[in-house]
Engineer: 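Have a look at the structure that comes next, please.
Note that the coordinates shown come from a computational prediction; the quantities given were computed from them, not determined experimentally. Order of the sequence lines fixes the chain letters, A, B, ..., with proteins taken first and strands second; residue numbering starts at 1 for each chain.
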2 protein chains.
Amino acid sequence: MEDAVGYRLRRAQLAVFQQFNEAFAAKDLRPTDFAVLLLLSCNQGLKQSEVAEALGIQRANFVAIVDGLEEKGLVERRKSEKDRRVQALYTTRAGSDYLKELMPIWAEHEERLIARLGGTRERDQLIHLLKRLCD
Amino acid sequence: MEDAVGYRLRRAQLAVFQQFNEAFAAKDLRPTDFAVLLLLSCNQGLKQSEVAEALGIQRANFVAIVDGLEEKGLVERRKSEKDRRVQALYTTRAGSDYLKELMPIWAEHEERLIARLGGTRERDQLIHLLKRLCD
DNA sequence: TATTGTTATACTCTATAACTATA
DNA sequence: TATAGTTATAGAGTATAACAATA
């Protein structure tokens, strides 16, 4: 039981998300919001449904998340010219500025995790194994 | 982003829990229910709050879980003689019989995960790393 | 017909405070 | 006064179906 993969994953995820929330407490930002900003910053113009799928969120539930980020002025929806059905997502200037503030906090958060794991080698191993579970 | 520890943990947990639910679909059993049965089978008489804490569930939310298992006749609450405040939890005969049915399904589930990871060595590595994140 | 985004809705999970009975 | 279990409740998160606009 102690060594059940699912149980261990759940406990680890709980611990890591809690640490994330503590690190970002002053920023009023959920892990998902951060993930959207980070994803868009490297992939401007992704379709709304592409971002949702990339993060494992159903498109119906993703609407409110984008609404929130848009209200905060961090993200912008633009109707695609090629296909008028799709909303292409972009970070605003404010959004990318905000992300620049967040990156050091995130880097520190990841460093703390690496320290717990015992080093970057161990972190890489972990990521590798976690990816295998998702194929 | 692809390699953020928290993101990878979330995706992996989602995938593993989904596979668990598929494996146990015919059994009408959630991961948490199974965890309670398994934990009690090796630790009869644990306090309700001890089981809750062991599973990372708040005692207030754990009440309904025990209610459900008790209604199904799988688990039993007994007031402790030493301390009349505490509910000691035990699996019933039906509960341990049921668990015996579940164990092969669970074993198969874990085997599938081990296959994905590449072997038991990799599984042990993963468990080791996940435990480190929870200290 | 099929797809994208959306709305509405229900269900589960989680978090918090307050109550009770015991200690 | 403190603790174990309980209740109530509000807030997230998640799942599903149906609709409008567009393809």
Engineer: By side chain to side chain donor-acceptor pair (under 3.5 Å), which residues pair with D3(A), not counting sequence neighbours?
Structural biologist: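 Expected list: K131(B).
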Engineer: With the criterion being N/O to N/O and under 3.5 Å, what pairs connect the protein with nucleotides 20-23 of chain C, and how long is each?
Structural biologist:
unit_1, atom_1, unit_2, atom_2, d
dA23(C), OP1, R84(B), N, 3.0

Engineer: Restricting to side-chain contact (heavy atoms from CB on, under 4.5 Å), what partner residues turn up for K79(A), sequence neighbours left out?
Structural biologist: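 Only R84(A), Q87(A) meet the side-chain contact (heavy atoms from CB on, under 4.5 Å) criterion with K79(A).
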Engineer: Indicate every side-chain donor-acceptor pair of residues 113-123 of chain A with a distance under 3.5 Å to a residue at least two apart or in another chain.
Structural biologist:
unit_1, atom_1, unit_2, atom_2, d
R116(A), NH1, L133(B), O, 2.9
R116(A), NH1, D135(B), O, 3.3
R116(A), NH2, D135(B), O, 3.4

Engineer: Sequence neighbours left out, cut at 3.5 Å: what donor-acceptor pairs do the side chains of residues 5-14 of chain A make with other protein atoms?
Structural biologist:
unit_1, atom_1, unit_2, atom_2, d
Y7(A), OH, R11(A), NH1, 3.0
Y7(A), OH, A54(B), O, 2.5
R8(A), NE, E2(A), O, 2.9
R8(A), NH2, E2(A), OE1, 3.0
R8(A), NH2, E2(A), OE2, 3.4
R10(A), NH1, L55(B), O, 2.7
R11(A), NH1, A54(B), O, 2.6

Engineer: Over 60° means perpendicular and under 30° means parallel, so classify the ring planes of F17(B) and F20(B), tilted if in between.
Structural biologist: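 Aromatic pair F20(B)/F17(B) classed tilted.
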Engineer: Listed by chain and number, what are the side chain to side chain donor-acceptor pair (under 3.5 Å) partners of N21(A), not counting sequence neighbours?
Structural biologist: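 In terms of side chain to side chain donor-acceptor pair (under 3.5 Å), with neighbours along the sequence ignored, N21(A) is linked to no residue.
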Engineer: Sequence neighbours left out, what pairs pass side-chain hydrogen bond (donor to acceptor under 3.5 Å, both in side chains) with at least one residue falling in residues 46-61 of chain A?
Structural biologist: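 Pairs touching residues 46-61 of chain A that pass the test: Q48(A)-R77(A).
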Engineer: Can you tell me how far C1' of dG11(D) sits from CG of N21(A), to the nearest Å?
Structural biologist: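 Between C1' of dG11(D) and CG of N21(A): 14 Å.
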Engineer: Could you give the CZ-to-P distance, from F17(A) to dC13(C), as a whole number of Å?
Structural biologist: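 Rounded to the whole Å, the gap is 17 Å.
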Engineer: Distance check needed: dA12(D) P versus D28(A) CG, whole Å only.
Structural biologist: 10 Å
Engineer: Output the rounded distance in Å from CG (D67(A)) to P (dA8(C)).
Structural biologist: 12 Å
Engineer: List, one per line, each side-chain donor-acceptor pair under 3.5 Å for residues 32-39 of chain B, sequence neighbours excluded.
Structural biologist:
unit_1, atom_1, unit_2, atom_2, d
D33(B), OD2, R30(B), N, 3.3

Engineer: Could you go over nucleotides 13-19 of chain D and give all protein N or O partners under 3.5 Å, atom names and distances?
Structural biologist:
unit_1, atom_1, unit_2, atom_2, d
dA15(D), OP2, Q58(A), OE1, 3.1
dA15(D), N7, N61(A), OD1, 3.4
dA15(D), N7, N61(A), ND2, 2.9
dA15(D), N6, N61(A), OD1, 2.9

